[in-house]
Every structure is written in structure tokens, then in C-alpha cells.
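Taking it in order: structure first as C-alpha cells, then the write-up.
If you read the sequence from its start, that first residue is 1, and numbering goes on from there. Counting convention: from 1, in listed order, for ligands and their atoms alike. Owing to the predicted nature of the structure, the values given are computational and were not obtained by experimental measurement.
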Amino acid sequence: MHKERGVLLVVSGPSGVGKGSVCAALIAMDEQTTYSVSATTRAPRRGEVDGVNYYYISAERFAAKIAAGDFLEYATVYGNYYGTPRAEVERLLAAGKNVILEIDTQGAMQVKAACPQGVLVFILPPSIEELRRRITARGSETPESLNLRLSRAEAEMAMAEQYDYRVVNSDIETAAAELLRIINEVKASRRKGSYDAE
Ligand code: 5GP
């Protein structure tokens with residue numbers, strides 16, 4: 001039987017907003033939803049695992065993959081390259097999985113242009129003060145990278161208007177449930193659209 005294609009869900013938001021926790025809660029809630037693992041040239045943080053958090057590759061390999069057209073989108077963030085492997089995303093969607101791309105705003109705009117069926121969700125903090133507190137509490141940044149992330153956060157938030165949906169992360173489980181509701185809404189309207197077309 002033909003399997004219903006999954007939903008491509010692009011999730012962005014400023015550093016420290018809790019995108020990772022919200023996406024992890026969504027995946028725990030719904031076994032049809034999974035991540036696409038990105039490639040990056042940045043070094044692994046403590047506790048991160050190659051092939052799970054990212055594929056950690058050299059700048060040379062990254063450049064070769066760009067040239068080969070292997071990325072659905074890619075961008076430079078904080079001086080490092082990040083990219084979404086095209087083949088993996090396609091395989092998962094065709095298998096009926098909803099695929100989360102947790103990517104920055106530059107990448108999200110590329111996906112919007114390349115895959116109009118992708119759904120873009122921007123995660124907002126309850127306030128800027130709360131965002132500052134969350135980034136500082138994470139403690140994994142040097143003072144330089146903390147300042148870089150904070151100043152970039154405001155610029156990123158100005159992009160929220162370009163997204164299909166905006167979700168405030170006051171509570172992780174509530175925000176994850178909202179993402180699941182969006183996925184189901186998109187599927188329902190897609191089914192309705194194909195009925196209407198018949
Ligand atoms: P981090 O270094 O904190 O893991 O990620 C830094 C930023 O890169 C985050 O905003 C994250 O969403 C973004 N990012 C991670 N993977 C990708 C990717 O494959 N493509 C793009 N465009 N951005 C990514």
C-alpha cells in the first residue's frame with residue numbers, strides 16, 4: 001500500500017530558546033516523527049555523539065558535499081558550516097516519517113524556496129530576559145560565544161514573521177504538543193486538498 005508521505009517540519013528559534021528540548025519531547029510523544037541529522041564543521045560539545053547530534057566533518061569534506069549537491073540547504077552559523085543531507089530527508093519522508101530540521105533562519109528560507117510543502121515553525125522565548133537566563137544557565141559557552149549568540153538572537157527573532165507558525169516555549173511539553181497539533185493539522189488539510197482535487 002502507498003504510504004502517506006511525512007511532513008517536513010523546519011524548526012528555528014534563537015539559541016537558548018529550548019528548540020532541542022521541545023523537539024526531543026515531540027519525538028518522545030510521536031513515534032512517526034524523527035530528526036534529520038545535520039553535518040557540521042564545528043567541534044563536538046561535551047556529551048555530543050557523532051552520527052547522533054551531528055555528523056562532524058572537516059571543512060574540506062563539507063565543501064566537496066556542497067559541490068556534489070548533497071545538501072538540501074546549508075549555512076554558516078557562528079563561523080562554522082551546517083547542512084542538511086538531502087538523501088536522508090527524502091528517504092525518511094518517503095517512509096512516512098515526519099522529519100524535523102532544527103536549523104537556523106538562513107537554512108529555513110532555503111528550504112522554503114526548495115520545498116514549498118515544508119512547514120516552518122519559529123520557537124519564541126517567553127521574553128528576552130528569560131532567553132538570556134537560559135543561555136547563561138547552559139554554561140557551555142565562552143564569554144565571546146555567549147555574546148555572539150545573544151546579539152544574534154535578536155536578529156533571528158525579527159525573522160519569526162516569515163514562518164508559517166510561531167510557538168512560545170513557556171513549557172516544553174506544551175510547546176511539543178503544539179508542534180504535534182501543527183503536524184496533524186497539515187496532514188489533515190493535505191488529505192482534504194487531495195480529496196478536493198479528485
Ligand atoms: P549549535 O552549534 O548550537 O548546535 O547550532 C547552532 C545553530 O545552527 C542553531 O541555530 C541550529 O539550529 C543551526 N543548525 C544546526 N544544524 C543546521 C543545519 O543543518 N542547517 C542550518 N542551516 N542550520 C543548522
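Dense packing is recorded around CD of Gln117, with more than 12 heavy atoms of other residues, nucleotides or ligands lying under 6.0 Å away.
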Check: every ligand 1 N/O to protein N/O pair under 3.5 Å:
residue: ligand 1; atom: 2 (O); partner: Arg42; partner atom: NE; Å: 2.6
residue: ligand 1; atom: 2 (O); partner: Arg42; partner atom: NH2; Å: 3.4
residue: ligand 1; atom: 2 (O); partner: Arg45; partner atom: NH2; Å: 3.4
residue: ligand 1; atom: 2 (O); partner: Tyr82; partner atom: OH; Å: 2.5
residue: ligand 1; atom: 3 (O); partner: Arg45; partner atom: NH2; Å: 2.8
residue: ligand 1; atom: 3 (O); partner: Arg149; partner atom: NH1; Å: 3.2
residue: ligand 1; atom: 4 (O); partner: Arg42; partner atom: NH2; Å: 2.8
residue: ligand 1; atom: 4 (O); partner: Tyr54; partner atom: OH; Å: 2.5
residue: ligand 1; atom: 5 (O); partner: Tyr54; partner atom: OH; Å: 3.3
residue: ligand 1; atom: 12 (O); partner: Glu102; partner atom: O; Å: 3.2
residue: ligand 1; atom: 16 (N); partner: Ser38; partner atom: OG; Å: 3.4
residue: ligand 1; atom: 19 (O); partner: Ser38; partner atom: OG; Å: 2.6
residue: ligand 1; atom: 19 (O); partner: Glu73; partner atom: OE2; Å: 3.4
residue: ligand 1; atom: 19 (O); partner: Gly83; partner atom: N; Å: 3.4
residue: ligand 1; atom: 19 (O); partner: Gly83; partner atom: O; Å: 3.2
residue: ligand 1; atom: 19 (O); partner: Thr84; partner atom: OG1; Å: 3.4
residue: ligand 1; atom: 20 (N); partner: Glu73; partner atom: OE1; Å: 3.4
residue: ligand 1; atom: 20 (N); partner: Glu73; partner atom: OE2; Å: 2.7
residue: ligand 1; atom: 22 (N); partner: Glu73; partner atom: OE1; Å: 2.8
residue: ligand 1; atom: 22 (N); partner: Asp104; partner atom: OD1; Å: 2.8
residue: ligand 1; atom: 23 (N); partner: Asp104; partner atom: N; Å: 3.2
residue: ligand 1; atom: 23 (N); partner: Asp104; partner atom: OD1; Å: 3.4

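A donor-acceptor pair under 3.5 Å is absent between the side-chain atoms of Glu73 and the main chain of Ala108, judged by distance alone. For Gln110 (side chain) and Tyr74 (main-chain N/O), a donor-acceptor pair under 3.5 Å exists by modelled atom type.
Side-chain contact of Glu178 with Tyr165: a donor-acceptor pair under 3.5 Å is absent, judged by distance alone.
Leu92 meets the side-chain contact (heavy atoms from CB on, under 4.5 Å) test with Thr34, Glu88, Lys97, Val99; sequence neighbours excluded.
Cation-pi geometry between Arg42 and Tyr78 is not satisfied (NZ or CZ under 6.0 Å from the ring centre, within 45° of the ring normal).
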